[in-house]
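Right, one structure below, let's go through it.
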Amino acid sequence: SMGVKLPSGSPLPTMSPPAMSPPTGVPPPSMAPPGGPPPGTAVAPSSSSVSSGVGGPDLPQTPQKPAASLKPEETNDTLAEVGKAAKDYLDVLMPIAIPKEEEDSRPVPKQVQCLEDNTDLFKMFDVDMHRFDPKAVRKGYHRMVQFVHPDKLGRESSTADKARFTKLKQAYTVLNDEQLRAVYRQFCFGISGSGGCPAQGHEVALAKALEMGRDLRKMGEERAIVLHKAAETGWAVQQKDQDGRSLRGDGRKTGHKFNFFNDISSSEDDEAEMEKERRGMSIQKIVEKSPKYADSFLDRVKLLLLDPRISRPSAGGAFTILDDLKVLDMLNDNPKTVQKNLRKVRSTVKQMNWAMTALLQHKESPWRGLEVKGSLAEHGITKLLGLIKSGIAFGKFSETHEEDLLKLFDTLHRLYMDIFERRGQELLKGAIQAELAVVYLLPESGGRLPDGTRVMLQDLASRPDLNGRGGVIRAWDYALQRYSVELEKDDAKRNSSGPQLPSNPDLLALDDVDSDDELQQETSKVELSIPKKIMVMPKNVLVDLEPPRKRLEELVRNWNAWRGRPRSVSASQDAEAVAAALGPPLESMASYLQEAASAVGTGSTCGRDGADLIEFECREALQGARNLAAKLLGETPEEPPPAPPMNEPPPALVPVAGSGCEVSQALKEAAEVAAASIELRQKKRSRSRGRRKRSRSRSRRRRRHSSSESGK
C-alpha cells in the first residue's frame, strides 16, 4: 500500500539496530528529486522502479531498460500508482513557472494576478505575518480558488490554469506549515542584526521553503518505508553483554512487538498535551473540567483493580478485593503491562492533583478531602515505576517490589471508592439542578424567564431584520415589562457559498461578481449597525431549548457511564443484596433522565409550539428524577422555588431581634429619641409660624388705623 514493490520470491534481509537511519536511494514515486524538474514536464521519467533503490545495496536490483525502449503507456505506470498520470501531475513542492498566454487567450482574472506578479504570500492572503491567523489564510484561499479550480472554470483547464491552481496550493501549503512559513519569512524579509540575513525577495524565499518541504517529505516517506519493513520482517536485534560482546541467539522482533518510538522515549505520559491544556485555564474552567479528570482516573485504574490476581467479580458488576493479593505473580508474569497501566494512571493522577492544588481555596472544589490521598497515589506510582524498571533490568522482582505494590493498590483502591461515590453524588445533584434549568423555560411557569436564558427574537415589526437572531436575556425592566436581550455576534457568513462564477468559458460576467462583492460589503456595513442590546416584550422572545437539551443528554451519558463502572464491595457485605437494593433505583433514574432529554429534544425540534407540546411529559420526568435523587442522597424532596416574578417585589422587612438583645435595645432607644426630637422641632416650627402671623396682622391694623386718622 506504500508503493514498495519487490521481486517475487526475494525475501527482505534483516537489519541491525545501529542501522536505524532510513535507507537511501531513489525517492518514492510521489516525490520528485530536490534538484530535478517536477513530474509532468517534458523530461522522460526514469524507468527504475521504486524497489530498485529503496533498500540500498542489500536489496536485489532489477534490470534497467533504456528510456527509449519504453512504450508510451509504460511511462505513466509509475505515477499511476499514486492515482495520477504523468501528464496531469504537478508537484506542489516543486518550483512552478506559469507559462505565458498567447495573444488570443483569455484574460487573467484580477483576483489571481498576484500569483504572477511576485507578490509576497502574506500580502497575497491579506494576513499579518506578526499575528498570523490561519482562518484568514483559509478564507483567502477559498476566495481565490474559485477563479483557478478546474471545476469552477466551466471549461477545460489549460496548462496555465493548472499551473495557477498548483501555484495557489503551493502558497497555501507554505503559509500553513510553521517551519516552511518561518523559512519563507526569513529569506523574503530578512533578519536584521548580527547573524541575520538580507532580504532576498519572494522568488528566492519560496524556493528555499519548497526545498525544505521536499526534504521533510522525503524523511517522512523514508521513515514510513522503514516502519513498513519492520512490520513485515522484524528487526534483527543483536544483544550484547556488559563487556560489549555479542550474544548468540535469535533476538528478532516480529511486527506486533516492534515499537519504533519506544527506543526514543520510554515515557507514555501525555505531559505535553496536559501542559498545553492547563495553560491559561481559569478557575471556573478547572471546576468544569474536574468531572472529566475524575472519570478518566476511574476508567484507567479499573484495569489494575479488576485483575484476577487482585479482585474477584461479584453480583451486579461489582468486585471484591482479595485478602491475599498476588502482586508478585503479576509482576513476574507481565511486568511491561503493569508498567504501562501504571504510567497511564500516573498521568491522570497528576492531572487530578494539579486540579486539587488549583482549587484548594475554592469553595466549590469537588476534590475537598482527597488531596492527601491523591498525593500519596502519585508518589507511590512514581516510586514503584522506578523499582519496576530496575526489576525488568535485572530480570527479578523481590519482596520490596511486592510491599510497595501492595501499599499502592491499597491507596488506589481507597481513592477509587471515594471518587466513585463522590462522582455519583455530583450526578444526583446535577439531576436536581437540571430541573431548575428547564422548568422555568416551560409555559405556565408562573413568572418570567430567568436571566441568562438563550432566546430567539420573533414577530418584531419595527426591526424585522432581527427576527430569528439569537440572544441572551440579561435583565428585566419591571416598569416597562420588557426583557433586555444581548444579541449574539454573527461571525459566520450567512451565505457561505459565496459568489458563483459564470458557466461561460470567456468569463464575461466578472463585473457581475465584482458588483456582488460590493453588495456583500454594503450588507456587512448594514449588519454593523445591529445593536448590542435590545428591549423586547415577552411575546417577542422564543425560548431556545437547545442548551438544556445538550445539558440533559450529557447528564444521561455521564450517568450511564458511572452506572456501568464496577462498584467496590467489601468481603463482609452481601453483594447480591447491594445489587438488588441499588439496581432498580439507578435504572429508574436513567429512565427518568432519558425521558426528560427526549422530551426537551422533541420540543427543540418542533420550534415555536414545541415547549407547549412537551410541557407535561418534561415536568413529570424531571419531578420523578428530583424525588429519586433526593431519596438516594438521603434528603427530603423539595419543590423548586417559584419562577422570577413579573412585578417588582416589595422591599424585604428586616426582623428585629428579641428585647433581650442589648444591640436591639440600644437601637430601639435611639429610634425613640430621634422620633421625639423630630416631634419637638415640628412643634417649635408651628409656634414660630403662628407668632409671625400675629405680628404681621397687628402691624397691618396699626398702619390702617394711622392712615384713617390722617385722612380725617
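Because the structure is predicted, anything quoted here is derived from the model rather than measured. Along the sequence shown, residues are numbered consecutively beginning with 1.
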Exercise for review: Kindly check if the number of other-residue, nucleotide or ligand heavy atoms within 6.0 Å of NZ (Lys302) is above 12?
Suggested key: yes
Check your understanding: Within 45° of the axis and under 6.0 Å from the centre of the six-membered ring of Phe132, does NZ or CZ of Arg181 qualify?
Key -> yes
Review point. Are Lys429 and Glu426 within salt-bridge range, i.e. N to O under 4.0 Å?
Key: no
Point to revise | Leu582 CG to Leu632 CG distance, which is reported to the nearest 0.5 Å | key: 7.5 Å
Review point. Donor-acceptor pair, Arg185 side chain versus Met129 backbone, under 3.5 Å?
Key: yes
Check your understanding: Is there a donor-acceptor contact under 3.5 Å linking the side chains of Ser296 and Asp299?
Key -> no
Review point. Sequence neighbours excluded, which residues qualify as salt bridge (Lys or Arg N to Asp or Glu O under 4.0 Å) partners of Arg474?
Key: Glu486
Review point. Of all heavy-atom pairs between Thr173 and Lys169, which one has the smallest distance, and what is that distance?
Key: OG1-O, 2.7 Å
Practice item. May I ask you to decide whether Glu615 forms a salt bridge with Arg619, counting only side-chain N to carboxylate O separations under 4.0 Å? Key: yes
Without placing hydrogens or testing angles, list every side-chain donor-acceptor pair under 3.5 Å for residues 281-292, not counting sequence neighbours.
from	atom 1	to	atom 2	distance (Å)
Ser282	OG	Lys285	N	3.4
Ser290	OG	Ile286	O	2.8
Ser290	OG	Trp367	NE1	3.1

Point to revise | Results of salt bridge (Lys or Arg N to Asp or Glu O under 4.0 Å) for Asp177 - residues two or more places apart only | key: none
Exercise for review: Quick one: pull up CD1 in Ile614 and CG in Asp609 and give me the separation to the nearest 0.5 Å.
Suggested key: 12.0 Å
Check your understanding: Are the side chain of Gln481 and the backbone of Met646 linked by a donor-acceptor contact shorter than 3.5 Å?
Key -> yes
Point to revise | Lys/Arg-Asp/Glu bridge criterion (N-O < 4.0 Å) met for Asp126, Lys139 | key: no
Revision key, fill the gap. When Arg549, Glu546, Lys550 are each screened for side-chain hydrogen bond (donor to acceptor under 3.5 Å, both in side chains) with Ser604, the one that passes is Glu546
Review point. Any ion pair linking Arg463 and Asp465 (charged N to carboxylate O, less than 4.0 Å)?
Key: yes
Exercise for review: Verify, without hydrogens or angle tests, whether Arg217 (side chain) and Met212 (backbone) share a donor-acceptor contact under 3.5 angstrom.
Suggested key: no
Revision key, fill the gap. Applying salt bridge (Lys or Arg N to Asp or Glu O under 4.0 Å) to Glu371 and not counting sequence neighbours gives none
Check your understanding: Sequence neighbours excluded, which residues qualify as ring pair (Phe, Tyr, Trp, His ring centres under 6.0 Å) partners of Trp559?
Key -> Trp562
Check your understanding: Are Asn558 and Arg423 close enough that some pair of their side-chain heavy atoms sits under 4.5 Å apart?
Key -> yes
**Study point:** Geometric class of the Tyr416/Phe420 ring pair [parallel <30°, tilted 30-60°, perpendicular >60°]
**Key:** parallel
Point to revise | Pair Arg567 + Glu421: basic N to acidic O under 4.0 Å | key: yes
Check your understanding: Looking at residues at least two apart in the chain, or sitting in another chain, which of them share a ring pair (Phe, Tyr, Trp, His ring centres under 6.0 Å) with Phe297?
Key -> none
Point to revise | Under the side chain to side chain donor-acceptor pair (under 3.5 Å) test, residues paired with Glu635 that sit two or more places apart | key: none
Point to revise | side-chain contact (heavy atoms from CB on, under 4.5 Å) against Gln425, all qualifying residues, sequence neighbours excluded | key: Leu633
Check your understanding: At what distance, to the nearest 0.5 angstrom, does CE of Met144 lie from CG of Leu168?
Key -> 5.0 Å
Check your understanding: Taking the side chain from Tyr184 and the backbone from Leu121, do they hold a donor-acceptor pair closer than 3.5 Å?
Key -> yes
Exercise for review: Tell me, please, which residues at least two apart from Tyr141 pass ring pair (Phe, Tyr, Trp, His ring centres under 6.0 Å).
Suggested key: Tyr172
Revision key, fill the gap. Hits for salt bridge (Lys or Arg N to Asp or Glu O under 4.0 Å) against Lys167, two or more places apart or cross-chain, chain-then-number order -> none
Review point. From Gln623 CD over to Cys618 SG, what is the distance, rounded to the nearest 0.5 angstrom?
Key: 11.5 Å
Exercise for review: Hey, can you tell me if Phe122 and Phe189 have their rings parallel, tilted or perpendicular (30° and 60° cut-offs)?
Suggested key: tilted
What pairs of donor and acceptor atoms, side-chain ones from residues 448-461 against any protein atom, are under 3.5 angstrom apart with sequence neighbours left out?
from	atom 1	to	atom 2	distance (Å)
Arg448	NE	Pro645	O	3.1
Thr453	OG1	Pro450	O	2.7
Arg454	NE	Glu488	OE2	2.8
Arg454	NH1	Asp544	OD2	2.3
Arg454	NH2	Glu488	OE1	2.9
Gln458	OE1	Arg608	NE	3.1
Gln458	OE1	Arg608	NH2	3.1
Gln458	NE2	Lys539	O	3.3

Exercise for review: Taking Arg300 for its side chain and Lys344 for its backbone only, find out whether a donor-acceptor pair lies under 3.5 Å.
Suggested key: yes
Review point. With sequence neighbours left out, what residues match Tyr440 under ring pair (Phe, Tyr, Trp, His ring centres under 6.0 Å)?
Key: none
**Study point:** Minimum side-chain heavy-atom gap Pro641-Leu436 below 4.5 Å
**Key:** yes
Point to revise | Residue pair Met589 / Leu428, side-chain heavy-atom distance below 4.5 Å | key: yes
Review point. Quick one: does Arg422's side chain have a donor or acceptor within less than 3.5 Å of a partner on Pro366's backbone?
Key: yes
